[in-house]
Protein chains: 2
Amino acid sequence: MRSQRPYHHGDLRRALVAAALEVIAADGPNAVSLRELARRVGVSHAAPAHHFGDRSGLLTAVAVDGYRLLVDELDRATDLRDLGGRYVSFALTHPAHFQVMFRPELLDRDAPALVAARAETRERLERGIAAREPDDPRLGGLAAWSLAHGLATLLLTGNLPSLEGSDPAELFRAVCTHPLLRPEPER
Amino acid sequence: MRSQRPYHHGDLRRALVAAALEVIAADGPNAVSLRELARRVGVSHAAPAHHFGDRSGLLTAVAVDGYRLLVDELDRATDLRDLGGRYVSFALTHPAHFQVMFRPELLDRDAPALVAARAETRERLERGIAAREPDDPRLGGLAAWSLAHGLATLLLTGNLPSLEGSDPAELFRAVCTHPLLRPEPER
DNA sequence: AGCGCATCTTGACGTTGACAAGATCTGGTG
DNA sequence: CACCAGATCTTGTCAACGTCAAGATGCGCT
């Protein structure tokens, strides 16, 4: 935040990620342009390339950042239902991160930092499931994750306009409890 | 499929949508370039603009196409669980359509054809819910839609590699029945 | 036969991602 | 303290893209 910009920005990498998050939150990930981010931050058009290689490198950094935040959030969960609530809540408080995290074609799929961050997240989810459903965590995990992820995605894509203002965690809890998801009665 | 291309293509609109679907299925929606589609189809670089206006117009046409196909599929459903199964199944057999349908920032949100197609789809979903849960279809619908949509999305984004080959409808049925989603016992 | 309009082409402009080569600064070694 | 190696950033360039404007072509209706 200096009036005269020195030759070295000092914290360019972080600044670019922050700028990218703003753009994504406003207009989605495809609106992200390396050149415009550079302009916003006040560096030359090719400066971002040095830190991220290319566009997908930048978005990968955003995704990694997101996975780290999500892990922090999930670590605070007390039980499985709370875990799901926090998952949905994270998606809505960090929509830019969440979108990028689940758009693999935008990312460097095999970047070590990304696979590590993803593995860490998955471990948290599996741990939450295993605590509740020790016998067959696979199917249970799938059910819980699908429900939370679907709710989050539908909310984020504007498909549930009537629920726009609701508390996401509360919503997940309600949906989770709904009798509809119980096994169908024999007919 | 003629050796000499006449001045008028004859079915350019449909051909462009088909080409777009190929590209999307291969590399995602951002990989769609009007110029490359034109090249594939054998017309000049500005021909697509006449039919779709701009890029988002083309993708909107793809989305509308997708909603129509989805409606056709959902109309075949016998009960609610079948409806969900068909939803997930559609997502995996028409991944290109599905992706675009749920990426609002790529579309002309208010295009009449789009809002009509979307309304028609939503009506099918609500009808399926109301048949099972006549009292409070809102929450039940949310639960079922979230579960189906989440499962579909996780499968499509490669987050469930171990389930890659499975039958989607079968998966939905299993997930739907899983006791995890029953109300938690009092503690 | 001929006209109007939808369809398609050609050409141009500004923007972007990516690459290459050079400028500037920083931290550590002598 | 002098100085160098490498990290950081700039400048210049290229092909590709979306979009617009203006012109060419041919279909179908009268």
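Note on naming: letters A, B, ... go to the chains in the order of the sequence lines (proteins, then strands), and numbering restarts at 1 for each one.
Phosphate contact (OP1/OP2 of dA16(D), side-chain N/O of Ser33(B), threshold under 4.0 Å): absent.
In this structure, CG of Asn30(B) is placed 12 Å from P of dG17(C), rounded to the nearest angstrom. In this entry the distance linking CG of Asp108(B) with P of dT19(D) reads 10 Å, nearest Å. As rounded to whole Å, 12 Å separates atom P of dC19(C) from atom CG of Leu34(A). Between the NE2 atom of His50(B) and the C1' atom of dG18(D) there is a distance of 17 Å, given to the nearest Å. Look at CG on Leu16(A): it is 13 Å from P on dT8(D), rounded to the nearest Å. One can place CD of Glu36(A) at 21 Å from P of dC17(D), the figure rounded to the nearest angstrom. Regarding Arg39(B), its CZ atom lies at a distance of 9 Å from the C1' atom of dC17(D), rounded to whole Å. Spacing between atom CG of Asp54(B) and atom P of dA21(D) amounts to 14 Å, rounded to whole angstrom units.
Within 3.5 Å, no donor on the side chain of Arg13(B) pairs with an acceptor on the base of dT7(C), nor the reverse.
Ring to ring, Phe102(A) and His149(A) are close: their centroids are under 6.0 angstrom apart.
Note on Asp79(A) versus Arg132(A): no salt bridge recorded, every NZ/NE/NH1/NH2 to OD/OE distance being 4.0 Å or above. Between Arg68(B) and Glu120(B) there is no salt bridge, since none of the side-chain N atoms of the basic residue sits less than 4.0 Å from a carboxylate O of the acidic one.
Each of Ala46(B) and Ser44(A) was matched to the nucleotide of DNA chain D holding its nearest heavy atom; the match closer to the 5' end belongs to Ser44(A). Remark on DNA chain D: of its neighbouring residues His51(A) and Arg35(A), the 5'-side contact belongs to His51(A), judged by nearest-heavy-atom nucleotide. Residues Arg55(A) and Asp11(B) both approach DNA chain C. Their nearest nucleotides, taken by heavy-atom distance, put Asp11(B) toward the 5′ side. Position along DNA chain C of the nearest nucleotide to His45(A) versus His45(B) favours His45(B) as the more 5'-ward residue.
If you check every strand for non-hydrogen atoms under 4.0 Å, Ala49(B) touches nothing.
Looking at heavy atoms from C-beta onward, Phe98(A) lies out of side-chain contact with Leu70(A) at the 4.5 angstrom threshold.
Nearest heavy atoms, Ala152(B) versus Ala91(B): CB-CB, 3.6 Å.
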